[in-house]
Amino acid sequence: MLLRMLRNDIKRKKGITASLFIFVLLAALLVSSGSRMIMELTSSIQYLFSESKTPHFVQMHAGELDQAKVISWAEADPNVEQHQIVEMVNIDGANLFLGAESEKNSVMDIDFVTQNQDFDYLLNLNSEMIQVNDGEIAVPVYYMRQNKLRIGEQVRIDNGSFKRSYTIVDFVRDAQMNPSVIHSKRFIVSPAALEELKQGVGEMEYLIEFRLKEPGRIGEFTQAYQNAGLPNAGPVVTYGLFQLLNAMTDGVIAAVIILVSLVLILIAMLCIRFTMLATIEEDYREISVMKAIGIAEKDIKKLYLMKYVFMAGLASLLGYVISLGVNRLFVSNILLYLGKAPATLLHFAVPLLASGLIFAMVVLFCRTVLRRFRSISAVEALRTGSLGDNQIIRNRLNLSRNRWSSVPVFLGLKDVVQRVRMFRLLLFVFVVSSFIMIVPINFLNTLKAPSFISYMGVGQSDIRIDLRHTDDVEQRYNNLINQIKTDEDIKTYSPLVTSQFKVRNAEGSYDNLSVETGDFSIFPLSYVNGNAPATTNEIALSDANSSELGLKTGEQLTLLVNGRNQVMTVSGIYQDVTNGGKTAKTLLPYNKDSVLWYVVSLDLKDRSQMAAKIAEYETSYSPAKVTDLQGYLDQTLGGTIQQLKLVTVLALAIGVFISILITSLFLQMLVAKDSNDIAVLRSLGFALSKIKLKYVVMSLVILIVGVAAGTILSNTLGPLLVSAIMSTFGASNISFVINPVQAYILCPLLLAGTIVLTAWISIQSIKETSISKMITE
């Protein structure tokens, strides 16, 4: 009997049941996909790191290297399991051709290496160690996607005096340098080719790498290395930071997908509450009769709960099954850059568990709503035939006072005001739809905007010139500054030098700290707290360094400056999402013994000369990376932006789809509830088009309020949510860059157009309403 009643109820309310089913299905699909994406991401990172034997500690170094000193120290340290020194030949992008054009505009440091023998293996797309012969080359996956390269194509090096061509035979997955936010990429050539490159072109750099017996003691090992006076002309990167940087792009996307799925399930629950209460009210007399004749309340609840248990169970299961099919869409970037880890039971169990959680949430919510049965009185219900929830707020609008408006418009406004509680669901849906449409658009525009450079620890300028370490780098830097001073095309410039200082830790010993020195008022950053250093006794810390050192604005730290301790006050905290974001800024003279890199930012008087000016300085100061701001952002965040575009399109589609479904569901139920009023209006001579206009006006009024509230939430709560997601990567205070045409015009118009069309179609059933039918019923 229960199955027959279930079947009859579904047939009687096909539209409502289908809408609720789709919501639960979408929520289950997204939460399954998001959790599967996180599983794939974590397992793929672990698998890549395991297969490549990623080092636990890497000291990058440029310049002369005493290898014997490093080797003897490493062999004496009991925590060192393996160690090696990786030789790299750095090639100027202007001399590298991955096709017809050179990589002169690339922000990447291009390094040529051979395959490592002990650990830190460079893998191919099958997660196997790459081996190349003379005349062959393996190219990083980053360039495969960026330049659309294929196996068999040629890579050419040409600096005028040295010319060589190599055939692409493989693509490199590099656990250290995969992500675009890391501005270094390793190409693999044969040992003979590397020796040839050493003599013919490029500068030597080194990776001093260690694998430890106890990786948990990495902090202790780092301190020991830095205190031993070993080579350190470059940043230190550890195993944990490698994991974080590899997870950045897809981790952000997975978090956004799961957030959208939670919003969907919230909407689904509100819709279920609305429909359940409407059904209970519709069946109020029947429920009262069942209670009057002695049927137990739990049996009546079971009758109503069964439909939602069946629907939620089927939708959750189907959402999980569909997620298996669309999984590749979400994890394609992970599979390309990290590879596919062997599937385990958890890869299937965790997404299924996530879908099961959606099912459990729906069922528990339904049981909560069904507590309404406790308040149903058989005698009162049989007398009134009503649940008593349809409160009408009277005397809010008076027809005689609104002669300026047409009657259908007035009636629509009057209905919204008088039955405001009934429209809460529709209002909430419009608020959420606006929110999930606008927030991804604003986040995408923020990533693409030139001002996002401030979240990378860099001031906003027209051109950025990076000088890499060479034997004569300081002389080249001085020559660069002198030329810029006399260049009449340059409006303003700011030279910045990053060097290493020693900072005293809580134990009283010293750690290395990468400190940028210069004038930070020319191209200022936006600070989370405080401001840029104004005196030589002040220092600004990146968000990541502030958290690691446990320091806030106004607190103090001790730097070792020219062999003496100098107390520095933290003047401000800024954000930096590149290379782990562990940097600092001060007005102190830079430490000439440990310079990491030189940067000059500049603005032009006439931006139309930017291409010519970039070419001029590239030629004069090769090897140097001279990039425009937008190019720097595109190359650094290009992968994240592409992934976010996919999520933005998905969010737009979901927002519109939600609005269509709920508007249709709501208006169909409202027309059914108002059938008697509609019949009276028709009998008074109102045309069908006028009555339809009333319901369209009601929908638009709610939409206007919902979009306004959704926009406010998008600009207040939205940045907080995005900041919470990005805080892991060094940016905890994101401010949206808003495109007003997209956010305030196109999105509302898209919603308004679909809502008007949906409302007009959804109320076609009023044709069947008549006074005679009302009387016979």
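As the structure is a computational prediction, the values presented were derived from the model and not from experiment.
Remark: K340 fails to qualify as a cation-pi partner of Y47 under the 6.0 Å distance and 45° angle criteria applied to the six-membered ring.
For the pair Y527 (side chain) and P524 (backbone), a donor-acceptor distance under 3.5 Å is absent. Distance alone, capped at 3.5 Å, is enough to place a donor-acceptor pair between the S323 side chain and the Y320 backbone. The closest donor-acceptor contact from the side chain of N116 to the backbone of D118 lies at 3.5 Å or more, if one exists at all. Using modelled atom types, one side-chain atom of S35 and one backbone atom of V31 make a donor-acceptor pair closer than 3.5 Å. A side-chain donor-acceptor contact under 3.5 Å links N124 to the backbone of E128.
By the 4.0 Å N-to-carboxylate-O rule, E214 lies close enough to R217 to be salt-bridged with it. Note on K213 versus E81: no salt bridge recorded, every NZ/NE/NH1/NH2 to OD/OE distance being 4.0 Å or above. At a threshold of 4.0 Å, the pair D111-R186 does not count as salt-bridged, since none of the basic side-chain nitrogens sits closer than that to a carboxylate oxygen.
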Worksheet item: Run the salt bridge (charged side-chain N to carboxylate O under 4.0 Å, His left out) check on K552 and E555 step by step: do they pass?
Response: CA-CA 6 Å; K552 298 179 181 179; E555 297 182 342; over 6 Å; no
Practice prompt. Give the C-alpha distance, both sets of side-chain angles, the deciding distance and a yes or no for side-chain contact (heavy atoms from CB on, under 4.5 Å) between N178 and L245.
Written response: CA-CA 9 Å; N178 254 340; L245 293 172; over 6 Å; no
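Among residues two or more places apart in sequence or in another chain, the ring pair (Phe, Tyr, Trp, His ring centres under 6.0 Å) test is passed with F112 by F187. Considering only residues two or more places apart in sequence or on other chains, R36 meets the salt bridge (charged side-chain N to carboxylate O under 4.0 Å, His left out) condition with E40. Under the salt bridge (charged side-chain N to carboxylate O under 4.0 Å, His left out) criterion, D109 pairs with R468, K625, sequence neighbours left out. Partners of N445 under the side-chain hydrogen bond (donor to acceptor under 3.5 Å, both in side chains) rule, at least two apart in sequence or in another chain, are Q742. Annotation: ring pair (Phe, Tyr, Trp, His ring centres under 6.0 Å) contacts of F221 (sequence neighbours excluded): F57, W73, F210. Residues that satisfy the side-chain hydrogen bond (donor to acceptor under 3.5 Å, both in side chains) test with N739, not counting sequence neighbours, are absent from this structure.
Counting heavy atoms from C-beta on, the side chains of I641 and L444 come closer than 4.5 Å.
Contact record, Y206 with E87: CE2-CG, 3.9 Å, taken as the closest heavy-atom pair. When all heavy atoms of P231 and Q59 are compared, the closest pair comes out as O-CG, 3.3 Å. Across all their heavy atoms, I658 and S433 have their closest contact at CG2-OG, 3.6 Å.
Residues Y239 and F49 place their aromatic rings such that the two centres sit under 6.0 Å apart.
Tested against E209, the residues H56, Q176, K53 include a single side-chain hydrogen bond (donor to acceptor under 3.5 Å, both in side chains) partner, Q176.
A donor atom on one side chain and an acceptor atom on the other are found under 3.5 Å apart for T583 and D576. Checking E103 against N147 by side-chain atom types alone, a donor-acceptor pair falls below 3.5 Å.
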